Amino acid sequence: MSKGLLIILSGPSGVGKGTVRQELFKDETLNLAYSISMTTRKPRPNEKEGVDYFFVSEKEFEDKIEKGELLEYAKFVGNYYGTPRFYVDELLKEGKNVVLEIEVQGALQVMAKCPDALTIFLVPPSFEELERRIRGRRTEAEEVVKERLDKARKEIATKDEYKYVVENDDVLLAKEKIAQIIKENA
Ligand SMILES: Nc1ncnc2c1ncn2[C@@H]1O[C@H](COP(=O)(O)OP(=O)(O)OP(=O)(O)O)[C@@H](O)[C@H]1O
Ligand SMILES: Nc1nc2c(ncn2[C@@H]2O[C@H](COP(=O)(O)O)[C@@H](O)[C@H]2O)c(=O)[nH]1
């Protein structure tokens with residue numbers, strides 16, 4: 001069985017990575033598997049352990065770092081986020097195209113380790129629209145929204161590090177563009 005493709009889907013918080021990813025996963029021909037991240041962030045009301053994230057303490061996260069169990073990790077607006085290496089390796093061996101939905105610091109680490117990874121950066125139609133989306137989601141306190149928007153400006157400035165930049169204006173259009181990119185690279 002040939003190895004699957006490692007796909008990094010990155011972009012600023014609130015651009016719509018999760019929304020577009022859900023559309024991509026409806027397309028079974030893409031043979032996708034999602035890499036469930038580990039985080040020290042508190043779960044949001046609708047989030048489930050082992051589905052959206054593995055929710056852990058700082059101590060547990062730092063143990064994983066020390067043991068080398070994370071493919072990449074970063075601190076993002078006060079919380080740790082990282083990719084457990086084991087599942088990614090297993091899924092790739094099974095021939096799955098594995099999606100990492102991660103922020104920029106982590107994406108740059110994976111690019112350095114896995115130059116063949118397919119890297120995609122999602123951009124909003126405008127910064128004002130990004131702000132509308134992140135506020136409209138109503139998941140973060142005002143202070144955190146401001147920090148995430150601040151971070152977003154710096155993240156968007158790194159977009160040319162990625163192999164593909166896709167605008168998320170219309171969700172289904174963005175999904176179609178990314179599906180095409182995956183098919184061309186798989
Ligand atoms: N193309 C779009 N047009 C309008 N609203 C959108 C679009 N894509 C996503 N949204 C909305 O924007 C909000 C943020 O989307 P989402 O949670 O998918 O972003 P994200 O990039 O995964 O964020 P985070 O990185 O913080 O997890 C959601 O309320 C979602 O419904
Ligand atoms: N470097 C990593 N970034 C990750 C990972 N999992 C998610 N993320 C990114 O963090 C921010 C914030 O996420 P949120 O769920 O609190 O809104 C966002 O950009 C995610 O894509 C990971 O494993 N590594």
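Counting convention: from 1, in listed order, for ligands and their atoms alike. Source: prediction; values computed, not measured.
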For [atom], which of [options] has the closest heavy atom?
atom: atom 14 (C) of ligand 1; options: P125, G14, G18; result: G14
atom: atom 4 (C) of ligand 2; options: Y73, F54, Y81; result: Y81
atom: atom 3 (N) of ligand 2; options: E103, R148, Q109; result: E103
atom: atom 24 (P) of ligand 1; options: Q22, E155, R137; result: R137

Should the proximity of [X] to ligand 1, defined as any heavy atom under 4.0 Å, be assigned to the side chain, the backbone, both, or neither?
X: D169; answer: backbone
X: R21; answer: neither
X: A174; answer: neither

Which residue and non-hydrogen atom of the protein lie closest to [atom], and at what distance in Å?
atom: atom 13 (O) of ligand 2; value: Y53 OH, 3.3 Å
atom: atom 31 (O) of ligand 1; value: T19 OG1, 4.1 Å
atom: atom 19 (O) of ligand 1; value: G16 N, 3.1 Å
atom: atom 24 (N) of ligand 2; value: E72 OE2, 2.7 Å
atom: atom 8 (N) of ligand 1; value: N168 ND2, 3.1 Å
atom: atom 25 (O) of ligand 1; value: K17 NZ, 2.6 Å
atom: atom 8 (N) of ligand 2; value: E101 O, 3.7 Å
atom: atom 21 (O) of ligand 2; value: K17 CE, 3.2 Å
atom: atom 26 (O) of ligand 1; value: S13 OG, 2.7 Å

Atom indices of ligand 1 within 4.0 angstrom of [X] heavy atoms, with elements:
X: R148; value: 26 (O)
X: E101; value: 22 (O)
X: V171; value: 1 (N), 2 (C), 7 (C), 8 (N)
X: P12; value: 21 (O)

Tell me whether [X] has any N or O atom under 3.5 angstrom from an N or O of ligand 2.
X: E47; result: no
X: E140; result: no
X: A74; result: no

Worksheet entry | Minimum heavy-atom distance between F121 and E155, given as atom pair plus value | CZ-O, 3.5 Å
Item to complete: Can you see which heavy atom on P124 is nearest to which on I156, and at what distance?
Response: CD-CD1, 4.2 Å
Do [X] and [Y] have side-chain atoms, one donor and one acceptor, less than 3.5 Å apart?
X: Q109; Y: Y73; result: no
X: S35; Y: Y87; result: no
X: S57; Y: E60; result: yes
X: N185; Y: Y164; result: yes
X: T139; Y: R137; result: yes

Ligand-residue contact atoms, ligand 2 with [X], heavy atoms, under 4.0 Å:
X: F76; result: 11 (C), 12 (C)
X: G82; result: 22 (C), 23 (O), 24 (N)
X: S37; result: 5 (C), 6 (N), 22 (C), 23 (O)
X: R44; result: 14 (P), 15 (O), 16 (O), 17 (O)
X: G106; result: 1 (N)
X: R41; result: 14 (P), 15 (O), 16 (O)

Is there a nitrogen or oxygen of [X] sitting under 3.5 Å from a nitrogen or oxygen of ligand 1?
X: E129; result: no
X: R133; result: yes
X: G136; result: no

Item to complete: State, with a plain yes or no, whether a side-chain heavy atom of L32 is found less than 4.5 Å away from one of K96.
Response: no
Discussion item. Rounded at 0.5 Å granularity, tell me how far CE in M38 sits from CZ in F55.
Written reply: 11.0 Å
Discussion item. So is Q105 touching ligand 2 or not, going by heavy atoms under 4.0 Å?
Written reply: no
Discussion item. Pair K175, E23 - check salt bridge (charged side-chain N to carboxylate O under 4.0 Å, His left out), show working.
Written reply: CA-CA 6 Å; K175 177 258 161 183; E23 289 303 322; over 6 Å; no
Practice prompt. Scan V88, D89, T83 and name whichever one has a side-chain contact (heavy atoms from CB on, under 4.5 Å) with R85.
Written response: D89
Item to complete: Determine, stepwise, if the pair K93 / E90 fulfils salt bridge (charged side-chain N to carboxylate O under 4.0 Å, His left out).
Response: CA-CA 5 Å; K93 267 190 242 156; E90 285 302 300; 3.3 Å; yes
